[in-house]
Structures are given as structure tokens and as C-alpha cells.
Amino acid sequence: QVQLVESGGGLVQAGGSLRLSCAASRRTFNNIAMGWFRQAPGKAREFVAAIDWSGGRIDYADPIKGRFTISRDNAKNTVYLQMDSLKPEDTAVYYCAADRFYRDVATSPEYWGQGTQVTVSS
């Protein structure tokens, strides 16, 4: 069982930055893949980024490539999403996700956080 708690959301102006954090409860955090998803009002939840247990494999969704960076600190059981050059269309609830397998974390992760709101004003 993995419990995920996100933090770091908020209101920011377009062009600004935010860093989201996701703390995981599992002691073997360094053996699981982590990811971020988002869901805008009236839209389906969509994949944002994923990182494997070592940080050696990372994938991003096209809309955020070059602006967002995913990273992890296994000593702190935490994964991060650094979001730069934010746009109003990035407004969404951002969810942290985890799975034992990297192949699943970007499509059907087993564990989800509760989400944190990110609002980008124009």
C-alpha cells in the first residue's frame, strides 16, 4: 500500500513557476515508479510526466515538454514537479501517482494522491 500526499499548488500568474511535491508513505519508495497527472474542469484526467525508480527514465506529455521537470529524492520518499513558464491552460488539479511498474505509471497507476489545485491567471 502506498499513500501519496501532494503539496505546493496555488495561484500564479502566467509565466510564473510552481513546484509541486508528493510525499509517499511506502518505505520502499525507491522501488516504485512515480508520475503526475492533471485534470482541468470539464476535461478528462491526462498524463503529465513519469519517472522510474532510479530517475534514469523520464517521460513527458507533449504540452508541457521543455517547461515542466519531474524529479525524485528517494532519501525523502518524495517526487517533485517543477513547473515553469506556466500558462492559463495549465490550470488543473494535479495528481501524484505511483505504480510498481514504469510501464503502468503513465497509463493506469495503482495508487493516487488526493490532488492539488494549480490555477494560472492570465
**Student:** Report yes or no: is the cationic atom of Arg19 (NZ for Lys, CZ for Arg) under 6.0 Å from the centre of the six-membered ring of Tyr80, at an angle within 45° of the ring normal?
**Tutor:** yes
**Student:** Less than 3.5 Å apart, any donor N or O on the side chain of Asp84 or Ser17 sitting next to an acceptor on the other?
**Tutor:** yes
**Student:** Mind checking whether Leu81 and Val12 sit in one hydrophobic cluster, side chains of I, L, V, M, F, W, Y counted as touching below 4.5 Å?
**Tutor:** yes
**Student:** Locate the shortest heavy-atom distance separating Arg72 from Ala33; write the atom from each residue and the value.
**Tutor:** NH1-CA, 4.1 Å
**Student:** Once you round to the nearest 0.5 Å, how far does CG of Leu4 lie from OG of Ser25?
**Tutor:** 7.0 Å
**Student:** Is there a path of hydrophobic side-chain contacts, each under 4.5 Å between heavy atoms, that joins Trp112 and Val2?
**Tutor:** no
**Student:** Can you name the nearest heavy-atom pair linking Ile51 to Ser71, along with the distance?
**Tutor:** CD1-CA, 3.8 Å
**Student:** Taking all non-hydrogen atoms of both residues, which atom of Leu20 and which atom of Tyr94 are closest, and how far apart?
**Tutor:** CD1-CB, 3.5 Å
**Student:** Looking at every heavy atom in both Ala49 and Tyr60, which two are closest together, and how far apart are they?
**Tutor:** CB-CD2, 3.6 Å
**Student:** Taking all atoms of both residues into account, what is the closest heavy-atom pair of Asp90 and Ser85, and its distance?
**Tutor:** OD2-O, 4.4 Å
**Student:** Can you hop from Ile58 to Val79 via hydrophobic side chains spaced under 4.5 Å?
**Tutor:** yes
**Student:** Counting neighbours of CD on Gln114 that are heavy atoms of other residues, nucleotides or ligands and sit closer than 6.0 Å, is the number greater than 12?
**Tutor:** no
**Student:** Would you check, one step at a time, whether the test side chain to side chain contact (heavy atoms under 4.5 Å, CB included) holds for Tyr95 with Arg38?
**Tutor:** CA-CA 6 Å; Tyr95 297 90; Arg38 67 185 183 184; 5.9 Å; no
**Student:** Are Asp62 and Lys65 within salt-bridge range, i.e. N to O under 4.0 Å?
**Tutor:** yes
**Student:** Might you work through the side chain to side chain contact (heavy atoms under 4.5 Å, CB included) test for Leu11 and Gln117, ending with a clear yes or no?
**Tutor:** CA-CA 8 Å; Leu11 174 64; Gln117 177 70 47; over 6 Å; no
**Student:** Once rounded to the nearest 0.5 Å, what's the spacing between atom CD1 of Ile32 and atom CG of Asn74?
**Tutor:** 9.0 Å
**Student:** Assess Arg100 against Trp53: is NZ or CZ under 6.0 Å from the centre of the six-membered ring, and within 45 degrees of the ring's axis?
**Tutor:** no
**Student:** What distance separates Thr78 OG1 from Met34 CE, expressed to the nearest 0.5 Å?
**Tutor:** 8.5 Å
**Student:** What do you reckon, are the aromatic ring centroids of Phe68 and Trp36 less than 6.0 Å apart?
**Tutor:** no
**Student:** Centroid separation under 6.0 Å, is that true for the rings of Phe37 and Phe47?
**Tutor:** yes
**Student:** Inspect the surroundings of CD in Gln3 and state if more than 12 heavy atoms from other residues, nucleotides or ligands are less than 6.0 Å away.
**Tutor:** no
**Student:** Any idea which heavy atoms bring Met83 and Val118 closest together, and the distance?
**Tutor:** CE-CG2, 3.8 Å
